[in-house]
Amino acid sequence: MRFPEDVPVLTDGVVTLRAHTADDVEPAYRMCQDPVMQQWTTIPVPYLREHAELFLTELIPSGWRENTMWAWAIEYEGRYAGTVDLRDGDGGVGEVGFAVGPEVRGKGVMPRALRLAVRHAFDGMGWTRVIWRAYVGNYASRRVAWKVGFHGLVTIPGGGNSRGVRKDEWVASVGRDDELEPNGNWWTVPVLENNGIRLRELRETDAQRVQEACGDERTQRWLTGMPSPYTLDDAAGFIASRPAAAASGEAVSWAIADAASDELLGNVSVFDLTNRIDRTKGEIGYWMHPDARGRKVMSTAVEMVIAHAFRPVEEGGLGRRRLVLKCADVNTASAHVAELNGFTLVSTERAADPRRDGSYDNLLTFDLLTTD
Ligand SMILES: CC(C)(COP(=O)(O)OP(=O)(O)OC[C@H]1O[C@@H](n2cnc3c(N)ncnc32)[C@H](O)[C@@H]1OP(=O)(O)O)[C@@H](O)C(=O)NCCC(=O)NCCS
């Protein structure tokens, strides 16, 4: 192909993909000074003007000429906003990479640009699959990929290479016959308040309280799956894992906090939201810090969670039809939370809930339907 003559111009009326020009060197150089860019991409650090010149005026043109990389300038409101590129493509499968400057982020520019590039990979270049890769934690990139239909996300430990340092990597892909629209839910964690109780996202600063709550003897007794002893690292790991659980659609977790002090009192989650057989069910799980027990805080928290879980997805809820709650038959405090919230006891599984000493309790299942 000839550069720039054969570079297709792609537009959706708001964002245009076109060939890079020498005028793009300056804004590309400035974009690459951004610490976010340096953190999440493989650009050289420090990033010099000659890096931008080399990439835009030599590597990108030769990519088009030699059929190894197809990079477009992203134009938004008449200006260079960033770059999106396709690479590889052997056998009809290749990768995409992208970035936009800090001043245009959060305006939906990148999803538009990515959709144009992916559509072109399928319809103009005959590809069957496009792969997206990002370092674990790059939620802005993950959200762009999710908006454009990338799915089947997996984490490859050490899969990424950041200037010689291996990092964990997310990989997802989209196929030619897929809709370029979100596949599955990315849940938000709304703030819910009632009766002096606030449900909010968990934060790093909650780690100490989480450790105290989960290391407590009664929590340890009833939640056999919890690490034992439960360390501050376990708490930090739990908190850090929540955004990914929401992003994958699997679970939503809240910190139950005192509305006045915002101190963490406990945790409540709705999980199993991507159940393969029944996509309309959800399971409620919880634990409480020992100093907040016995005040009906959990019953109030679960009441708010039920309302949110039954609200339709279009109205910001979880769109559930059926909620379940499970606990050991001897865990009367937990059974009480279910009963107070109108759940019905529907089954008792015999010797189904393992204790750490090797014994088993009967496991109760309660459920609640939208029609109740
Ligand atoms: C990734 C990038 C291209 C996104 O571009 P953009 O035009 O801002 O994309 P969007 O307008 O869709 O906004 C990003 C979305 O991510 C969300 N987001 C940002 N940071 C987030 C975080 N830490 N957690 C969750 N969501 C986050 C934003 O709220 C926004 O969502 P919304 O539109 O639903 O509100 C841009 O941030 C960038 O250039 N980053 C540096 C380069 C890079 O990381 N490239 C990808 C390498 S794999």
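As the structure lists them, so they are numbered: ligands from 1, and atoms in each ligand from 1. Here, residue 1 is the first one in the sequence, and each next residue gets the next number.
For atom 12 (O) of ligand 1, the choice among Arg133, Arg143, Lys147, Met31 with the nearest heavy atom turns out to be Lys147. The residue among Lys107, Met110, Arg105, Met37 with a heavy atom at the shortest distance from atom 40 (N) of ligand 1 is Arg105. In the candidate list Ala140, Pro35, Pro111, Ala145, Ala140 is nearest to atom 18 (N) of ligand 1, counting heavy atoms.
Neither the backbone nor the side chain of Asp34 has any atom closer than 4.0 Å to an atom of ligand 1 (non-hydrogen atoms only). Heavy atoms from both the backbone and the side chain of Val100 come within less than 4.0 Å of ligand 1. Within the 4.0 Å heavy-atom criterion, neither part of Tyr135 lies near ligand 1.
Residue Trp40 has at least one heavy-atom neighbour below 4.0 Å for each of these atoms of ligand 1: 44 (O), 47 (C). Heavy-atom proximity to Ala99, at under 4.0 Å, picks out these atoms of ligand 1: 39 (O), 42 (C). Under a 4.0 Å criterion applied to the non-hydrogen atoms of Val109, ligand 1 contributes the atoms 7 (O).
For ligand 1, the polar-atom distance check finds an N/O of Asn138 within less than 3.5 Å of one of the ligand's N/O atoms. Of the polar atoms of Ala134, none of the N or O atoms is found under 3.5 Å from an N or O of ligand 1, judged by distance alone.
At the top of the distance list for atom 8 (O) of ligand 1, counting protein heavy atoms only, stands Gly106 N, 2.7 Å. The nearest protein atom to atom 46 (C) of ligand 1, hydrogens excluded, is given as Phe98 O, 3.2 Å; this is a heavy-atom distance. Among all protein heavy atoms, the one lying closest to atom 11 (O) of ligand 1 is Gly108 N, 2.6 Å. Closest protein heavy atom to atom 24 (N) of ligand 1: Tyr139 CB, 3.1 Å. Closest protein heavy atom to atom 9 (O) of ligand 1: Val144 CG2, 3.4 Å.
Relative orientation of the Trp64 and Trp72 rings is perpendicular, given thresholds of 30° and 60° on the angle between their planes.
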Could you please spell out the steps behind the side-chain hydrogen bond (donor to acceptor under 3.5 Å, both in side chains) verdict for Thr224 and Arg356?
CA-CA 6 Å; Thr224 311; Arg356 288 174 204 269; 5.3 Å; no
Working note: Arg350 + Tyr360, criterion side chain to side chain contact (heavy atoms under 4.5 Å, CB included); need CA distance, chi angles, decisive distance, verdict.
CA-CA 8 Å; Arg350 294 178 303 155; Tyr360 291 84; over 6 Å; no
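Of the residues listed (Trp186, Trp187, Tyr139), the one engaging Trp146 in a ring pair (Phe, Tyr, Trp, His ring centres under 6.0 Å) is Trp186, and it is the only one.
By the 4.5 Å side-chain criterion applied to Ile, Leu, Val, Met, Phe, Trp and Tyr, Trp222 is assigned to a cluster that also includes Val330.
The closest side-chain donor-acceptor pair between Arg320 and Thr280, if any, does not fall under 3.5 angstrom. With no hydrogens or angles considered, no side-chain donor-acceptor pair links Thr16 and Tyr76 at under 3.5 Å. Side-chain atoms of Ser359 and Asp357 include a donor-acceptor pair closer than 3.5 Å. A donor and an acceptor atom, one from each side chain of Ser228 and Gln220, are located under 3.5 Å apart.
Between Trp127 and Arg87, the closest heavy-atom pair is CH2-O, 3.4 Å.
Sorted by first and then second residue, the salt bridge (charged side-chain N to carboxylate O under 4.0 Å, His left out) pairs involving residues 183-203 (not counting sequence neighbours) are Glu193-Arg198, Arg198-Asp262, Arg200-Asp206, Arg200-Asp262, Arg203-Asp262.
Under the 4.0 Å distance rule, the nearest protein heavy atom to atom 44 (O) of ligand 1 falls inside the cut-off. Protein heavy atoms all stay at least 4.0 Å away from atom 28 (C) of ligand 1.
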